[in-house]
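These numbers come from a predicted model, not from an experiment. Counting begins at 1 with the first residue of the sequence.
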Amino acid sequence: MKLIVCDIDNTLLKMGETKFKKEVIDTINKLLLEGHAFCLASGRPFLGIKKYLDIFVPGKKFAICGNGAVVYDYNHNLINETAMKLQDFYELYDKYYRDDITFYAYDDKNNLLVFKEDKYTDYEVQENKIIKVFDINNRDNFDKNLKIHKIMFACDESINKNLKLSDEELKRFSTSRSSSYYFEILANNASKGHQVEKLRSYLGIDRNEVFTFGDNTNDLTMIEMFNGVAVNNAVDEVKTKAKYITKSVEEIGFVYAIYEILKILEK
């Protein structure tokens, strides 16, 4: 049995599109039917990933959510979690607040915690099957120990590229970017690579039998730690760290790699 872990946006699915190509679905179904484990690893919360896992045939299906905050099996059973507290979110909001940045967070119940609603939060609700949106401006109404999977700073690219945490904060938090609009903050040691390792151990799979696919810096840890495959549209940093480079997402590079580069499946 092998473990195949894939980012979604710009790796399996071109940004802006909502449906996998038939070749992608057929390939993943074949992997599952042959007994391999398949995991989608994304910045999305669980329900935002499960809607894609639902497409595929029954099998060993898993979800790494919040860019590596948590990993679940298909039935939402927790395998591992590395979370923050609501107080962490308030602290970062108070320090970095500005009008042209939207601050929000995912909790561990597929809810969205917001200070204001706008195009960014509306997109999250529609795309990721958010259960509830909570206005957290009144801080006395919420448990400061509430589990937070991911904190988001959403803004224009010109602002986003200059966002960073202090050296002291980076001892407590990790950061990544899944696009030019999102600066994403996780608990320290939370990453896609960290959760792939937890899943690999849970399944009892040898490290050499783990294959990871990605395109952006939020995929770097899992690309570096395992048999990393970068799609050709990946950022240069991911390509440099990858063991293999396949065709672009537009050219269905995932399918090409499974059959022609890794030869996990035969046509």
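Under the side-chain contact (heavy atoms from CB on, under 4.5 Å) rule, Met84 has a single partner from Ile148, Leu92, Asn188, which is Ile148. With Phe62 as the partner, the side-chain contact (heavy atoms from CB on, under 4.5 Å) test is satisfied by one option alone out of Leu53, Leu203, Val5, Leu40: Leu203.
Side-chain atoms of Asn10 come within 3.5 Å of backbone N or O of Met15 as a donor-acceptor pair. At distances below 3.5 Å, not a single donor-acceptor pair connects side-chain atoms of Arg139 with backbone N or O atoms of Gln87. Checked by atom type and distance alone, the side chain of Ser191 never pairs as donor or acceptor with a backbone atom of Gly68 at under 3.5 Å. Judged purely by atom type and a 3.5 angstrom limit, Asn29 uses its side chain to pair as donor or acceptor with the backbone of Val57. Under the 3.5 Å distance criterion, the side-chain polar atoms of Ser248 are left unmatched by any main-chain donor or acceptor of Asn233. In this structure a side-chain-to-backbone donor-acceptor pair under 3.5 Å is present from Asp118 to Tyr120. Remark: side-chain polar atoms of Lys2 are not paired, donor with acceptor, to backbone N or O of Val210 under 3.5 angstrom. Without hydrogens or angle criteria, Asn67 side chain to Gly43 main chain gives a donor-acceptor distance under 3.5 Å. With hydrogens and angles ignored, the 3.5 Å screen pairs no side-chain donor or acceptor of Asn128 with any backbone N or O of Arg44. In terms of modelled atom types and a separation under 3.5 Å, the side chain of Thr217 and the main chain of Arg177 share a donor-acceptor contact.
Classification of Lys192 and Asp219 as a salt-bridged pair holds, one side-chain N sitting under 4.0 Å from a carboxylate O. Using a 4.0 Å cut-off between a side-chain N of Lys or Arg and a carboxylate O of Asp or Glu, Lys51 and Glu127 qualify as a salt bridge. Under 4.0 Å is where a charged nitrogen must lie from a carboxylate oxygen, and between Lys171 and Asp167 no such pair does. By the 4.0 Å N-to-carboxylate-O rule, Glu197 lies close enough to Arg207 to be salt-bridged with it. The existence of a salt bridge linking Glu209 and Arg200 is excluded, since no basic side-chain nitrogen approaches an acidic carboxylate oxygen closer than 4.0 Å. Salt-bridge formation is not detected for the pair Lys109/Asp107: no Lys NZ or Arg NE/NH1/NH2 atom is positioned less than 4.0 Å from an Asp or Glu carboxylate oxygen. Between Lys85 and Glu91 there is no salt bridge, since none of the side-chain N atoms of the basic residue sits less than 4.0 Å from a carboxylate O of the acidic one. Salt bridge Lys144/Asp88: absent, no basic N to carboxylate O contact under 4.0 Å.
Here the OG atom belonging to Ser176 is positioned 5.5 Å from the CG atom belonging to Leu186, to the nearest 0.5 angstrom. Note that OH of Tyr244 is 10.5 Å distant from OG1 of Thr212, once rounded to the nearest 0.5 Å. Within the model, atoms OG1 of Thr221 and CD of Gln195 stand 9.5 Å from one another, a figure rounded to the nearest 0.5 Å. Distance check, rounded to the nearest 0.5 Å: OG1 of Thr246 to OH of Tyr256 gives 7.0 Å. Distance check, rounded to the nearest 0.5 Å: CD1 of Ile205 to NE2 of His36 gives 10.0 Å.
Side-chain contact between Asp143 and Leu86: absent, with no pair of heavy atoms (C-beta onward) separated by less than 4.5 Å. Considering only heavy atoms from C-beta on, Lys164 stays 4.5 Å or farther from Leu170 through its side chain. For the pair Ile101 and Leu163, the minimum side-chain heavy-atom distance is below 4.5 Å. Here the side chains of Cys39 and Leu199 are in contact, with some heavy-atom distance below 4.5 Å. Residues Tyr259 and Val255 are in side-chain contact: their nearest non-hydrogen atoms beyond the backbone lie under 4.5 Å apart. With contacts defined as side-chain heavy-atom distances shorter than 4.5 Å, the pair Met1/Lys60 qualifies. By the 4.5 Å heavy-atom criterion applied to side chains, Phe38 and Cys6 are counted as neighbours. The side-chain heavy atoms of Ile252 and Lys247, taken from C-beta on, include no pair separated by under 4.5 Å.
Considering all non-hydrogen atoms of both residues, Glu260 and Lys263 come closest at O-NZ, 3.3 Å. When all heavy atoms of Phe46 and Asp73 are compared, the pair lying nearest together is CE1-O, 3.6 Å. Heavy-atom minimum distance, Ser158 versus Asn162: O-ND2, 3.3 Å. The nearest pair of heavy atoms linking Tyr72 to Ile79 is C-CD1, 4.0 Å. The shortest non-hydrogen separation linking Tyr96 to Ser166 is OH-N, 3.7 Å. Contact between Leu113 and Leu146 at its shortest, heavy atoms only, is CD1-CD2, 3.7 Å.
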**Request:** Apply the test side-chain contact (heavy atoms from CB on, under 4.5 Å) to residues Ile151 and Glu184: give CA-CA distance (whole Å), side-chain angles for both, the deciding distance (0.1 Å), then the verdict.
**Result:** CA-CA 6 Å; Ile151 296 169; Glu184 311 184 14; over 6 Å; no
**Check against side-chain hydrogen bond (donor to acceptor under 3.5 Å, both in side chains), Tyr97 and Asp99** = CA-CA 7 Å; Tyr97 170 80; Asp99 284 340; 2.3 Å; yes
**Item:** Val249 vs Asp215, side-chain contact (heavy atoms from CB on, under 4.5 Å): CA-CA, chis, key distance, verdict
**Value:** CA-CA 9 Å; Val249 63; Asp215 74 292; over 6 Å; no
**Request:** Kindly determine whether Glu251 and Val231 satisfy side-chain contact (heavy atoms from CB on, under 4.5 Å), including the steps that lead there.
**Result:** CA-CA 9 Å; Glu251 299 171 291; Val231 287; over 6 Å; no
**Residues Glu117, Asp135; criterion side-chain contact (heavy atoms from CB on, under 4.5 Å); working and verdict** = CA-CA 9 Å; Glu117 296 183 56; Asp135 182 330; over 6 Å; no
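Ile245 is not connected to Ile258 by any chain of hydrophobic side-chain contacts under 4.5 Å among Ile, Leu, Val, Met, Phe, Trp and Tyr, and they are in different clusters. At a threshold of 4.5 Å between side-chain heavy atoms, the hydrophobic network of Ile, Leu, Val, Met, Phe, Trp and Tyr places Leu112 and Phe134 in two separate groups. Ile49 and Tyr202 fall into different hydrophobic clusters, where Ile, Leu, Val, Met, Phe, Trp and Tyr are joined by side-chain heavy atoms under 4.5 Å apart, directly or via other members. Residues Leu13 and Ile223 do not share a hydrophobic cluster, defined by chaining ILVMFWY side chains whose heavy atoms lie under 4.5 Å apart. Linking Ile, Leu, Val, Met, Phe, Trp and Tyr whenever their side-chain heavy atoms come within less than 4.5 Å leaves Ile4 and Ile64 in two separate clusters.
With sequence neighbours left out, the ring-ring contact (aromatic ring centres under 6.0 Å, His included) criterion links Phe103 to Tyr93, Phe153. Applying the ring-ring contact (aromatic ring centres under 6.0 Å, His included) criterion to Phe213, with sequence neighbours excluded, gives Phe254.
Listed by first and then second residue, the side chain to side chain donor-acceptor pair (under 3.5 Å) pairs that reach into residues 15-28 are Lys22-Asp26, sequence neighbours excluded.
Aromatic ring centres of Phe20 and Tyr52: separated by under 6.0 Å.
Between the side chains of Lys243 and Asn227, at least one donor N or O lies within less than 3.5 Å of an accepting N or O.
Under a cutoff of 6.0 Å and an axis angle of 45°, Lys61 and Tyr74 form a cation-pi pair.
In this structure, Lys132 places its NZ atom where only 12 or fewer heavy-atom neighbours from other residues, nucleotides or ligands lie under 6.0 Å away. Counting non-hydrogen atoms of neighbouring residues, nucleotides and ligands closer than 6.0 angstrom, the NZ atom of Lys129 reaches no more than 12 such neighbours.
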